[in-house]
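Every heavy atom of this structure was used, including side-chain atoms; hydrogens, water molecules and symmetry mates were not. Values in this document were obtained by computation on a predicted structure and should not be read as measured data.
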Amino acid sequence: MSFGIKPLGSRVVIKKLEAEEKTEGGIILTSSAKEQPQMAEVVAVGPGTKDEDMELKAGDKVVFSKYAGTEVKFHSEEYTIMSQSDILAVVE
């Protein structure tokens, strides 16, 4: 799936999942009180490198390092480009 950003090497493009609007106790959070999500959906992957095979694919739900990646805005949507090594786990 090509949407306009093609990551190079072992990089991936992710779209963060929305932060929770409500706590378990039912308290509604304002946008500033919401914790930044650390789960995302992979939207594009690079080809990998000779030293690192690409293990992810578009559509994977992943958990990533909190301060990893570079945020970019493309067609009024926000994405993060990061190295595959900054992805901690795939959520099944």
Quiz item: So, does Q38 use its side chain to make a donor-acceptor pair with the main chain of F64 at under 3.5 Å?
Solution: yes
Self-check item: Residue of the set D86, T80, I87 for which side-chain contact (heavy atoms from CB on, under 4.5 Å) holds with V12
Solution: I87
Exercise. Run through I14, V13, I5 and flag the one making a side-chain contact (heavy atoms from CB on, under 4.5 Å) with V43.
Key: V13
Practice problem: For residues F74 and Y79, report the shortest heavy-atom separation together with the two atoms involved. | Solution: O-CE1, 3.8 Å
Quiz item: P47 and P7: which non-hydrogen atoms are nearest, and at how many Å?
Solution: CD-O, 3.9 Å
Exercise. Quick one: closest heavy-atom pair of M82 and A68, and the distance?
Key: CE-O, 3.8 Å
Practice problem: Identify the heavy atoms of L56 and V45 that sit nearest to each other, and give their distance. | Solution: O-CG1, 3.8 Å
Quiz prompt | Partner of K16 by salt bridge (charged side-chain N to carboxylate O under 4.0 Å, His left out), out of E78, E71, E77 | solution = E71
Quiz item: How long is the gap from CE on M54 to CZ on R11, to the nearest 0.5 Å?
Solution: 10.0 Å
Quiz prompt | Q84 side chain vs D53 backbone, donor-acceptor pair below 3.5 Å | solution = yes
